[in-house]
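Data block below; observations after.
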Amino acid sequence: MTMKKIVIVGASSGLGMRIATDFARMGWRVGIAARREDRLKEIKDLYPGRIEYLAIDVAAPDAVERFYKLIELIDGMDYLLYSAGCGWLNPQLDEAKEESTVDTNVLGFTRIVSAAYRYFRDTANVTAGHICAITSVAGTKGIGLAASYSASKRYQWTYLQALDQLAHSEQVNVRITDIRPGFVDTPLLDGNRNYPMEMSIDYAAPRIEKAMLRGKRIAVVDARWAVVTALWRMVPDPLWRRIRLLVPEK
Ligand SMILES: NC(=O)c1ccc[n+]([C@@H]2O[C@H](COP(=O)([O-])OP(=O)(O)OC[C@H]3O[C@@H](n4cnc5c(N)ncnc54)[C@H](OP(=O)(O)O)[C@@H]3O)[C@@H](O)[C@H]2O)c1
């Protein structure tokens with residue numbers, strides 16, 4: 001059997017880093033990308049021969065060109081995992097935070113995910129491609145404490161659904177997996193605050209990997225968060241707007 005290949009964008013920390021090392025341990029070839037090149041090199045050095053890296057800023061115009069270069073470095077791609085992301089609690093609507101959330105989670109996401117789709121569509125020797133993205137339960141409704149983050153995650157959900165329909169209609173052999181975790185203890189969260197139902201990386205990563213390998217269309221991580229989001233969805237908008245916004249305590 002040929003060695004499977006995965007490219008993980010957003011692999012210098014948190015979930016992406018953990019999943020990259022797990023796949024390397026499973027014997028896959030892994031291409032990793034993010035902005036912090038020193039961290040990428042350290043991760044590669046843990047599994048030389050299995051992991052290759054390339055610094056990519058998804059918010060920069062050369063992101064797609066560099067993404068294709070990374071695919072070449074590992075001689076092809078069977079799976080993409082888009083794990084790049086940023087977001088803050090930002091009730092002040094600080095401009096820089098709002099914009100960089102959109103740059104990474106909307107513009108960067110679109111660049112990389114659409115480039116992966118075109119790669120799978122146009123590469124004759126790919127038998128089946130797989131596009132996975134870590135979105136979030138935050139896309140369920142607009143969240144006043146994190147406006148751009150919740151809106152960007154909803155965008156990601158919709159984009160992935162659109163690609164799934166396009167692939168079906170064009171008979172492109174690509175599976176689309178939307179992974180929606182609740183809170184996970186990674187550098188993305190302000191580590192000083194207590195978030196409700198927070199999961200460890202050790203707990204969340206294997207559940208994400210299972211969803212990826214099974215090719216699930218949508219996976220909420222974990223079951224408790226699936227119940228919570230189902231309940232959120234049922235809250236009527238006039239009631240949702242009246243919910244008291246509480247910043248998690250330090
Ligand atoms: N932690 C949670 O509670 C939680 C919950 C639901 C969903 N998620 C989602 O899970 C994904 C992974 O986040 P995480 O929790 O593992 O946080 P993280 O540790 O902060 O990881 C984010 C990754 O994205 C990369 N990144 C950020 N901006 C980038 C850019 N412009 N270009 C390229 N890479 C960029 C970062 O690397 P560099 O800084 O080196 O570029 C880092 O590797 C995100 O999409 C996040 O929204 C997280």
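Counting starts at 1 for both ligands and their atoms, in listed order.
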Next item on the list: Return yes if a side-chain donor-acceptor contact under 3.5 Å exists between Q156 and N105, otherwise no.
Entry: no
Margin query: List the residues meeting ring pair (Phe, Tyr, Trp, His ring centres under 6.0 Å) with Y155, not counting sequence neighbours, and say none if there are none.
Written below: Y159
Item checked: Set of residues that line ligand 1, where lining means a heavy atom lies under 4.0 Å from it -> G10, A11, S12, S13, G14, L15, A34, R35, R36, I56, D57, V58, S83, A84, G85, T104, I134, T135, S136, Y149, K153, P181, G182, F183, V184, T186, P187, L188, L189
Note to self: Using the side-chain contact (heavy atoms from CB on, under 4.5 Å) criterion, which residues pair with L246? Sequence neighbours excluded.
What the structure shows: R244
Notebook entry, point to check: Do we get R180 above W157's six-membered ring, with its NZ or CZ under 6.0 Å from the centre and within 45° of the axis?
Noted result: yes
Item checked: Main-chain N/O of G85 paired to T104 side chain as donor or acceptor, under 3.5 Å -> no
Item checked: Of all pairs that satisfy side-chain hydrogen bond (donor to acceptor under 3.5 Å, both in side chains), the ones with a partner from residues 48-57, not counting sequence neighbours -> K44-E52
